There are 2 protein chains.
Amino acid sequence: MSASGKTRVPGRDALRDSVLGDDLVFLLARANALTLAAANAALAEHGLKARSYSVLALAADGARPTQRELAEFLHLDPSQVVALVDGLEQRQLVERRTDPADRRANVLVATDAGRDLFARAQQAARAVELGLLATVTPEEHERLAGLLRLLAFPD
Amino acid sequence: MSASGKTRVPGRDALRDSVLGDDLVFLLARANALTLAAANAALAEHGLKARSYSVLALAADGARPTQRELAEFLHLDPSQVVALVDGLEQRQLVERRTDPADRRANVLVATDAGRDLFARAQQAARAVELGLLATVTPEEHERLAGLLRLLAFPD
DNA sequence: CATGGACCGTTGAAAATGTCAATCATTGGT
DNA sequence: ACCAATGATTGACATTTTCAACGGTCCATG
């Protein structure tokens, strides 16, 4: 062989060096897909997916979000939140409490069991995240999170 | 008022400061959703979505990818690639050529019209990307791309 | 050179997600 | 007291994802 010590499959990495290799939207989509798959796999043993994990997380740390707020924050349709909360409530991980300040709204609160499960699931989630970024310094890890926050919450 | 000069809606940003605010998987999902929506909106005037744009991009820069390679690279099921290519081929933006080296495989090539459209769409796509990261230095922009590549292509 | 297992693209169906409109109960402004 | 606006819910519909099966082609064996 000629040039360098690269271990690249011919067809595959010609694509990686193509126009899309610099396309942020594409990189984001692909990174998200892989990352999501890893997270779902890790959360499966707790009976959760990334979605239900997120809802449980927000219920578990006492923010007392309404379903509307959940929908906005998770970028979901309110009807999807209904289904998600239904699932968690049936498993007694979470309770709907009508907001005393606005009786149309339901506020989400985690049960003890919910907090327990979340604590365990969170460990798994953190392990995945560290595994994904194992090759990167903690500073870069945090920098990535910061830049993603900019994209995720454009004020 | 009391503490700081923050302009935060009470309910909304309590969530942002919750556990999920540091969760890479969540940030990635949300950033991806917003970014994808912006890209789709911008590409719509060219009759494309992020998906078809990606396929067209890979066909247009002469990498001559097979559909299998496309599927792997775009993290899609081969059957989805069929539909995507069907659409582009019907619009005469792309051609299927059976790979002379392996007559099972189709190689994708952009037509002149396809390259033209891609050139225009690419400008729109770049504008979106710059708009999304307008508040960030070019160095940080590139750093973000680099970190996302790590997640998107874990070798 | 014949054969069989693996691979490519295609099809079709099933499951999961995303999107939307209509409804009921409640709220808050006038 | 009224009425437009809002939160949750339901049900319908479109889109996306995932999977299994198939015909055509390749290639490593015998």
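Bear in mind that the values here come from a model prediction, so they are computed numbers and not experimental data. By convention in this document, chain letters (A, B, ...) are assigned in the order of the sequence lines, proteins followed by strands, and residues within each chain are numbered from 1.
- With L144(B) as reference, L24(A) is the one residue of L27(A), L28(A), L24(A) to meet the side-chain contact (heavy atoms from CB on, under 4.5 Å) rule.
- Atom CD in E89(A) sits about 13 Å away from atom C1' in dA8(D), given to the nearest Å.
- In this entry the distance linking CG of D99(A) with C1' of dA8(D) reads 13 Å, nearest Å.
- Between the CG atom of N106(B) and the P atom of dT11(C) there is a distance of 11 Å, given to the nearest Å.
- Put simply, R68(B) has no side-chain N or O that comes within less than 4.0 Å of OP1 or OP2 on dT25(D).
- Distances shorter than 4.0 Å separate none of the side-chain N or O atoms of Q80(A) from OP1 or OP2 on dT17(C).
- Of the candidates dT10(D), dG18(C), dG9(C), dG18(C) carries the atom nearest the L76(A) side chain, counting heavy atoms from C-beta on.
- Summarising the geometry, the separation between CG on L70(B) and P on dG9(C) is reported as 9 Å, rounded to the nearest angstrom.
- For the pair Q67(B) CD and dT11(C) P, the interatomic distance rounds to 10 Å; values are reported in whole Å.
- Nucleic acid contact for D102(B): sugar-phosphate only, since backbone atoms but no base atoms lie under 4.0 Å from a heavy atom of the residue.
- Atom CD in E72(B) sits about 9 Å away from atom P in dC8(C), given to the nearest Å.
- For the segment residues 38-65 of chain A, residues with any heavy atom less than 4.0 angstrom from an atom of DNA chain C are, sorted by number, K49(A), R51(A).
- R97(A) has no side-chain polar atom (N or O) that falls below the 4.0 Å cut-off from OP1 or OP2 of dA8(D).
- No side-chain heavy atom of L132(B) sits less than 4.5 Å from a side-chain heavy atom of L150(A).
- Between T98(A) and R103(A), the closest heavy-atom pair is CB-O, 4.5 Å.
- Each of D77(A) and V82(B) was matched to the nucleotide of DNA chain C holding its nearest heavy atom; the match closer to the 5' end belongs to V82(B).
- Two residues, S79(A) and A101(A), neighbour DNA chain C, and the one matched to the more 5' nucleotide by heavy-atom proximity is S79(A).
- A side-chain contact (heavy atoms from CB on, under 4.5 Å) with Q67(B) is found for exactly one of V82(B), V55(B), L84(B), namely V82(B).
- Atom C1' of nucleotide dG11(D) and atom CG of D86(A) are separated by 14 Å, given to the nearest angstrom.
- With sequence neighbours excluded, the residues that form a side chain to side chain donor-acceptor pair (under 3.5 Å) with E142(A) are R149(A).
- Neither L76(A) nor V107(A) shares a network with the other; the hydrophobic side chains, linked directly or stepwise wherever heavy atoms of I, L, V, M, F, W or Y lie under 4.5 Å apart, form separate groups for each.
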Problem set entry | Derivation and outcome, ring-ring contact (aromatic ring centres under 6.0 Å, His included), residues F26(B) and Y53(A) | CA-CA 10 Å; F26(B) 163 68; Y53(A) 172 80; over 10 Å; no
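- Applying the 4.0 Å criterion to OP1 and OP2 of dT27(C), one finds that R104(A) has every side-chain N and O outside that range.
- Distance L84(B) CG to dT10(C) P: 12 Å, rounded to the nearest Å.
- For R103(A) and dT27(C), the shortest distance from a side-chain N or O to OP1 or OP2 is below 4.0 Å.
- Look at D155(B) and R16(A) and you find a salt bridge, because one of the NZ, NE, NH1 or NH2 atoms lies within 4.0 Å of a carboxylate O, short of that distance.
- For dC8(C), its base never sits under 3.5 Å from the side chain of T66(B) at any donor and acceptor pair.
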